[in-house]
Structures are given as structure tokens and as C-alpha cells.
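One-based numbering, in listed order, for ligands and for the atoms of each.
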Amino acid sequence: MTDKKTKANTLWGGRFEGGVSDIMEKINASIDFDKILYRQDIKGSIEHCKMLVTTDIISSEDGIAIQNGLRQIEGEIDAGDFEFSAALEDIHMNIEARLTEIIGSTAGRLHTARSRNDQVATDFKLWVRDACDQADEALKALQFVLINKAEENADVIIPGFTHLQNAQPVTFGHHLMAYFEMFTRDRARFADARKRLNECPLGAAALAGTSFPIDRHQTAKALGFDRPTYNSMDSVSDRDFALEFLSAASISAIHVSRLAEEMVMWSCAQFKFIQMSDSFTTGSSIMPQKRNPDAAELCRGKSGRIIGSLNSLLITMKGLVLTFSKDMQEDKEVTFDAVETYSLIIAAMTGMVEDMKVNADHMKKATEVGFITATDLADWVVRVLGLPFRNAHHITGSLVALAEKKGCDLDGLTLEEMQQVEPKITKEVFNVLSVESSVGSRVSFGGTAPSEVLKQVALAKERIG
Ligand code: ARG
């Protein structure tokens, strides 16, 4: 029924009479996406080869020929001078086939005491390890930008929301530093994932280890791993490292998404808290007045894609018997896509935060509604009049109702009106009703007072590492 190829695969086709069908080639081949692993694959092969020489499993002449051939191949791929073949399935077999072309049958000695199963696990771990390092660098750059913006805006007042209702006034610097904290945790998650992944699967061979006298400690060390993995079966069936990377990236992406959503909201005509730069916005083809926050919207949108990658791999891995199953080849596209998408949204967010112009007047204006200093009033009643907080809450509620009826803010009530609700109130109460005094008073560690924000900014500069 299907169009059969006539020749069996030269690398594994010893027991096969015919070749695979076109459809089989299409479903089986991963070269279109896993060629991205070529540097890791060559590095792993070179260290494996060196180890085979030091353990006398292959001769040093063969070792030199293999290593030179591999370096030549790396040069060819770097230069875009390499012809990838889907018939050779994946990056591992493409490279080995080319090595055979260059140095002849000696190339076949490289695969001694190794299988594609431990090879791909090693390559992929090396790649994900680099991705952790890149994520860390990118997040650090974003954190620097946040710190600077926070410092510039340490005393700019905005409404702080709960339930998207004006809750208490806060400083914009404080708000931005909240994201600094999220990205600090994200970096810790990537660092943690990196630490746990740093065991080398190479030498686990297909699944059971090998009878050759290999030195797994040598290859692990040479490839920058802390140690070899402890169990050969786990080595080739584990993809936790990719899942952990994707989990960390997903959590971080939702932080980016939340900030992006806030920026979309802050930049709309009703808020006008910020203006985003030309570099990260677009105009409308029909409405000339528009400035659309596309980059922010796409940061928000693309976070879904990263979470999708995590879901995809979780579902792929669930229910697989030990050890390797070809399903696991599906680990790569989603991870590669997530890494590219993640690095793009972090870079875009860094640029957007750096460029955003803050409109302090509009921010302040937005605090002048919704009785935003009601908590300060209640706290004053507790502090000065010595009433329990619950009573103070009740009194303040009555004052809010009174102000609402009168159509003014809390400081629009007269002292007499206040005293009708609670006779012991004095004119000193008016000192706590301004948003400036409200934020200025919140000097508890991690609080929103400008002085505390500046302290946190200074601490952040030390913590950032
Ligand atoms: N290309 C495969 C992957 O991406 C690795 C090969 C292991 N395959 C095998 N048939 N044992 O996971």
C-alpha cells in the first residue's frame, strides 16, 4: 500500500530487508528540529571518544581520527555546509553517517558502549542546561530594568488594588519591585532545575549499562556534570529536567503575562498611568489615534504557548513504561519552542519596562476616588482613640457612608460631621487622610513607603547577584 524504499538504513538496518515507507520516514525523522543539538552531540561524542581511548577500548589513532572528523563536521554545520538527511532520522545518525564518509569504518567504533538513548538524553540535558543559564541572564537584565524604574518612581503614588477596587495607596516603585521578587523566585527555580539536571546519562547505553570498562566519571566531569547518573534505566527514561525547565518557564511566563496585562491596562485611555514607546506599540490601519500595546499583548498571549509546551510534555511522559519509548522524541519541539518563546517575551518585557513613560499625575488622580485612605482613618482611631480595630472599622465604615452621601472624599467631611459618628475624633485625623501621609507611614519592612522602597531597591542591588 505504501511506497516502500528499497534500501535498509545503513546504521541500524542489518536485519531489515527493505527500507521504510515515506510515511514512516516522515513520522520517524526528527532531524528537522533536533539538528539544533549538533554542538551538544559533537561535544558529547568527543568526550565519549576520549574516554574510550583512556580506557583502552579503542586505540588512540582511531580516537584522533574520530575527534578530527567530528570537529570537521562541526565546522561544516557551523558554516551551513552540511546536508541533513531525513532518511538518517536524527542528528545523531546524520553526524555518524557523515563521520563514516570522512574517516571510513573507524567511525563505527565511536558508538561502542553507547546508544542513541543515552546519547540523546545527554545532548538534550546539555542543551537545557544552557537554556537555564540563558534564562537566568535574561531575567537578571529584566530585574535591573525594574530596579531602575522602581528607584525613579519610589515616591510616585498609585492606587493599590484588591479585587481591582481601590484599596490603599501604594508607590509605583513598590509595585514594580513586586515583580522583581517574582523574577527572583523564577531565577531560583531555573537554578534549582539546573542543579538537579546536572548528572550525566552518558554510558547508561541503551538502558542496562555496558560490559565495556568505561569510565562514566570521566565523561561526566568533562561535560561539566557533577557526576554520572546513578541508574542506567532512569538515565534514558528521565525527562524531568525538561519538565522542570518548562515548569519554571511557565511560572515565569505567567509573571510576565501579569505584568503585560497591567501595562495594557495602565496604558489605556481610562487609566493613562503609563505611555509605552513607539518601539513596542503599533498603530491602527483605520483609527489614526490608536497606539496598541501589541508587544505586551503578545507577551500575555505567548505565555499560553509556554504552558502548552509544559502540558504537552507532561501528557507525553505520563504512562510510559520504562525505559525509552519513541514518544519521548516529542520532548524536543515543545521545549525548543518554549525556550525561544520565553526568551522573546523576556526580552520584549525588558524593553517595554525600560521605555515606559510614567504619568505620575494621572496615577495620583486615580487615588482620589474610592476612599482609598479609609484604612489609615481606621488605624488612626485605633492608635489615637485606643479603640479595638473592629470598632474602628465600623466607625470608618459609617464615615465612608456619610462621605458617599455627601459626594465627597473622606477629607471633605467636616470635623463636626465626623464627630457625629464618633465624638472623640479630633482635627488631627486630617493628617492621615492624604495619600502622601498614607504611603509615607507604611515603613514596615517590605512596606510601600518611599523610604522603604529605596531600602528595598538598595537590598535588591545586592541580592541580584
Ligand atoms: N531521535 C531520538 C530522540 O529524539 C533518539 C533516538 C533514540 N532512538 C531509538 N530508536 N533508540 O529521542
Give me the nearest non-hydrogen protein atom to [atom] as residue plus atom name, then the distance to 0.1 Å.
atom: atom 11 (N) of ligand 1; result: Asn117 OD1, 2.8 Å
atom: atom 2 (C) of ligand 1; result: Gln329 OE1, 3.2 Å
atom: atom 10 (N) of ligand 1; result: Arg116 NH2, 3.5 Å
atom: atom 8 (N) of ligand 1; result: Phe324 CE2, 3.6 Å

Just which atoms of ligand 1 are under 4.0 Å from any heavy atom in [X]?
X: Lys332; value: 3 (C), 4 (O), 12 (O)
X: Asp90; value: 1 (N), 2 (C), 5 (C), 6 (C)
X: Ser30; value: 1 (N)

_Side-chain donor/acceptor of Arg129 to backbone N/O of Gly224, under 3.5 Å_ = yes

*asked:* Using a 3.5 Å distance criterion without hydrogens, assess whether the side chain of Ser312 forms a donor-acceptor pair with backbone atoms of Gly308.
replied: no

Do the charged groups of [X] and [Y] touch, with an N to O distance under 4.0 Å?
X: Asp136; Y: Arg194; value: no
X: Asp192; Y: Arg196; value: yes
X: Glu74; Y: Arg98; value: no
X: Arg109; Y: Asp62; value: yes

